[in-house]
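A note on names: the letters A, B, ... follow the listed sequences, proteins ahead of strands, and every chain is numbered from 1. These numbers were taken from a predicted model, which means no experiment stands behind them.
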Amino acid sequence: MLKAPRGTSDTLPPDTSKWAYIEGVMRQVSRRFNFEEIRTPTFEHLELFARTVGETTDIVEKEMYSFKDKTGRDLALRPEGTAPVARAFLEHGMASGPLPRKFFYMGPMFRYEKPQAGRYREHRQFGVEILGSASPYSDVEVIVLAMELAAELGLTGTTLHLNSIGCPSCRSGYKAKLIEYLRPKTDLLCEDCKSRLERNPLRVLDCKQEGCRSAIVGAPSMLDHLCPDCKAHWDQMTRILASQGISFEVDSALVRGLDYYTRTVFELKWPPLGAQNTLVGGGRYDGLIAELGGPPIPGVGFGMGIERMLLATDKGSKPIQAETAIDVFVIGLGTDQTVGEKAFGLVRDLRRAGLCCEFDPLQRSMKAQMRQADRMNAKFAAILGDDEVARGVVTIRSMSEGWQKSVDESSVVNVLREEVTGCGK
RNA sequence: GUGGAUGUAGCUCAGCUGGCUAGAGCACCAGGUUGUGGCCCUGGGGGUCGCGGGUUCAAGUCCCGUCAUUCACCCCA
């Protein structure tokens, strides 16, 4: 039997309604923060990611779903959301419009990785970007949005991990110092880190290997080598966070695997999730727009894994429960076809009146239809059979309380509407 | 990409050291009630035992491969 490709999955009811709920919360919170939705293509030119995310990053080096189309264009399914938003921002002249501009997006991302819990080859992200603000208030605004979202979904105990990786100028000075510090200890490093040492020494910092960890003990910290501007940004941001009572953990090993980041990088984690416990990852990318050929417009944002949020809410204090109950199940019991047609008409009327309503197209037995009504958690059953039709009435039955009564067919819609909303009592 | 675990019905699982037509619970359908759900009783449908190969008189069971899931590493959302 054909199955969904590795690392992909189907979302079935009732999980689809959990998705709808979580997406609804994301939209509402975004609205409160005045972020506007942007939608970009699912695939882009390969070059967009190669240039911005970085040629030497894992994402570009080995995780991209890249392909040639029929005329030989190099394309890739998007592995992340920021570069496409930056591209669209530039392409549509928003760089010369009012700034800052605030966007959110939701959609699938693709990375060719080995799947495990919380990590899939196709996953959905919610993300936000603020373009055109270098202010640390914007860093804090996106962080606050992420935390608000987690809180709204019942996730208590998330931890904010924070670092600054400086700007290209202070980073290059720092890299030189770091290489200088690590070079005598090369023997301690793992194979990966030996090659990283010259290309991307920052990545050695977050290597988990025993040897590498001991090598970096006492290594110079980026935070101590920030240039005056980057230092000022960091100080202001952490001060604003403190002023809002937001606690965070400074994590000098937090580097992140995308090259476009500058200054602030952060992750929001939720420990109960296990190995893949990063809910949100983001940071500032002041050089990204310029890298794409635009003016030097700064930006800051994050991506949030929706599958992980869903996994987390299931384990959290406020699990999302799917709303599946219906208001009325109409039971048609006709020896004559006109009875079925009448029942079907009643279903239409009830639905037009705003009630959630179901019936049995197979017109099974009374018992079978009652069972369905019960299974669907119907508040009421409305029975329409030969007797009722002859008397011009409909029998309505409260499924929870068990009572039933005859109601004139002309008023049944109103009676049911009142019963369901509780207005008639 | 590396290492470990797992794979039997829609779901959760049993199936001992290889041995008759592969089972249970739940779910589904029908009947017990010719028009009344939940509980109960009876019956029914549904399985290429992940897939492919091998060993054997005989494989769900043993061996190899493969695919998938899962846990950890790596990386991240």
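For residues 366-391 of chain A, every residue pair satisfying the side chain to side chain donor-acceptor pair (under 3.5 Å) rule, not counting sequence neighbours, is listed here: A:Asp327-A:Lys379, A:Thr335-A:Asp386, A:Asp360-A:Gln372, A:Glu388-A:Thr395, A:Arg391-A:Ser406. For residues 129-164 of chain A, the set of pairs meeting the ring-ring contact (aromatic ring centres under 6.0 Å, His included) definition, not counting sequence neighbours, is empty. Sorted by first and then second residue, the pairs that involve residues 303-361 of chain A and meet ring-ring contact (aromatic ring centres under 6.0 Å, His included), not counting sequence neighbours, are A:Phe344-A:Phe359.
Considering only the side chain of A:Ile383, B:U36 comes nearest among B:C75, B:U36, B:C73. Closest to the side chain of A:Arg308, from the set B:U69, B:G38, B:C76, is B:C76. Taking the side chain of A:Lys114 as heavy atoms from C-beta on, and the options B:A77, B:U70, B:G37, the nearest nucleotide is B:U70. Closest to the side chain of A:Asp374, out of B:A72, B:C76, B:G38, is B:G38. Nearest nucleotide to the side chain of A:Ala117, out of B:U70, B:G37, B:C76: B:U70. Among the nucleotides B:G35, B:G1, B:C76, the one closest to any side-chain atom of A:Tyr112 is B:G1.
Classified by interplanar angle (parallel below 30°, tilted 30° to 60°, perpendicular above 60°), the ring pair A:Tyr174/A:His225 is tilted. Between A:Phe110 and A:Tyr65, the angle of the ring planes goes over 60°, which puts this pair in the perpendicular group of the 30/60° scheme.
Looking at every heavy atom in both residues, A:Glu401 comes nearest to A:Trp403 through OE1-NE1, 2.8 Å.
Note on A:Glu388: a base of the nucleic acid sits closer than 4.0 angstrom, heavy atoms only. Heavy atoms of A:Ala373 sit nowhere under 4.0 angstrom from any nucleic acid atom. Note on A:Gly127: nothing from the nucleic acid sits closer than 4.0 angstrom, heavy atoms only. Among the protein residues, A:Phe302 comes within range of no part of the nucleic acid, since none of its heavy atoms lies under 4.0 Å from any strand. Using a 4.0 Å heavy-atom distance criterion, A:Gly282 is classed as making no nucleic acid contact.
Distance A:Lys405 NZ to B:U36 P: 22 Å, rounded to the nearest Å. We find that OH of A:Tyr120 is positioned 18 Å from P of B:C76, with the value rounded to whole Å. Between A:Asp58 atom CG and B:C73 atom C1' there is a gap of 13 Å when expressed in whole angstrom units. The CE atom of A:Met366 sits 8 Å away from the P atom of B:G37 (whole-angstrom rounding). Rounded to whole Å, the distance from CG on A:Asp15 to P on B:G10 is 19 Å. Remark: C1' of B:U69 and CG of A:Asp10 are 14 Å apart, rounded to the nearest angstrom. In this structure, CG of A:Asn277 is placed 10 Å from P of B:A72, rounded to the nearest angstrom. Here the C1' atom of nucleotide B:U34 and the CG atom of A:Leu333 are 12 Å apart, to the nearest Å.
Looking at A:Glu63, its side chain has no donor and acceptor atom pair within 3.5 Å of the base of B:G1. Remark: the A:Arg119 side chain and the B:C74 base include a donor-acceptor N/O pair separated by less than 3.5 Å. With hydrogens and angles left out, the side chain of A:Arg6 and the base of B:C67 share no donor-acceptor pair within 3.5 Å. One N or O donor and one acceptor, one from the side chain of A:Gln404 and one from the base of B:U36, sit under 3.5 Å apart.
With both ends at atom C1', the span from B:C71 to B:A24 equals 29 Å, rounded to whole Å. With both ends at atom C1', the span from B:U61 to B:U8 equals 11 Å, rounded to whole Å. When the C1' atom is compared between B:A9 and B:A27, the two are found 11 Å apart, to the nearest whole Å. Taking the P atom of each, B:C51 and B:C67 are spaced 15 Å apart, rounded to whole Å. As rounded to the nearest Å, B:G10 and B:A5 have C1' atoms that lie 25 Å from one another. Comparing the C1' positions of B:U17 and B:A59 gives an interatomic distance of 14 Å, to the nearest angstrom. Distance noted for atom P between B:U55 and B:C16: 24 Å (whole Å). Only the P atoms considered, B:G25 is 10 Å distant from B:U42, to the nearest whole Å.
No side-chain donor-acceptor contact under 3.5 Å links A:Ser252 and A:Asn163. A side-chain N or O of A:Glu129 and one of A:Thr82 form a donor-acceptor pair less than 3.5 Å apart. Using a 3.5 Å distance cut-off with no hydrogens or angles, the side chains of A:Tyr105 and A:Glu36 do not pair a donor with an acceptor. Side-chain atoms of A:Tyr21 and A:Gln321 include no donor-acceptor pair closer than 3.5 Å.
In RNA chain B, stems built from 3 or more consecutive Watson-Crick or G-U wobble pairs, each with both distances under 3.5 Å, span B:1-7 with B:67-73, B:10-13 with B:23-26, B:28-32 with B:40-44, B:50-54 with B:62-66.
Atom CZ of A:Arg351 is surrounded by more than 12 heavy atoms from other residues, nucleotides or ligands within 6.0 Å. No more than 12 heavy atoms of other residues, nucleotides or ligands shown are found within 6.0 angstrom of OH on A:Tyr112. More than 12 non-hydrogen atoms from other residues, nucleotides or ligands lie less than 6.0 angstrom from CZ of A:Arg6.
For the pair A:Arg111 and B:C76, the criterion of a side-chain N or O lying under 4.0 Å from OP1 or OP2 is not met. Residue A:Gln276 has no polar side-chain atom (N or O) positioned under 4.0 Å from OP1 or OP2 of B:A77.
Under a cutoff of 6.0 Å and an axis angle of 45°, A:Arg124 and A:Trp19 form a cation-pi pair.
Mapped onto RNA chain B by nearest heavy atom, A:Gly305 and A:Thr8 fall at different nucleotides, with A:Thr8 at the one closer to the 5' end. Mapped onto RNA chain B by nearest heavy atom, A:Glu267 and A:Ala275 fall at different nucleotides, with A:Ala275 at the one closer to the 5' end.
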Between the protein and nucleotides 25-31 of chain B, list the N/O to N/O atom pairs that are separated by less than 3.5 angstrom.
from, atom 1, to, atom 2, distance (Å)
B:C28, OP1, A:Arg375, NH1, 2.7
B:C29, OP1, A:Arg375, NH2, 3.2
B:C29, OP2, A:Arg375, NH1, 3.2
B:A30, OP2, A:Arg371, NH2, 2.5

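A heavy atom lying under 4.0 Å from RNA chain B marks none of the residues of residues 16-30 of chain A.
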_Step-by-step salt bridge (charged side-chain N to carboxylate O under 4.0 Å, His left out) determination, A:Glu419 to A:Lys405_ = CA-CA 12 Å; A:Glu419 288 287 353; A:Lys405 64 184 178 187; 3.6 Å; yes

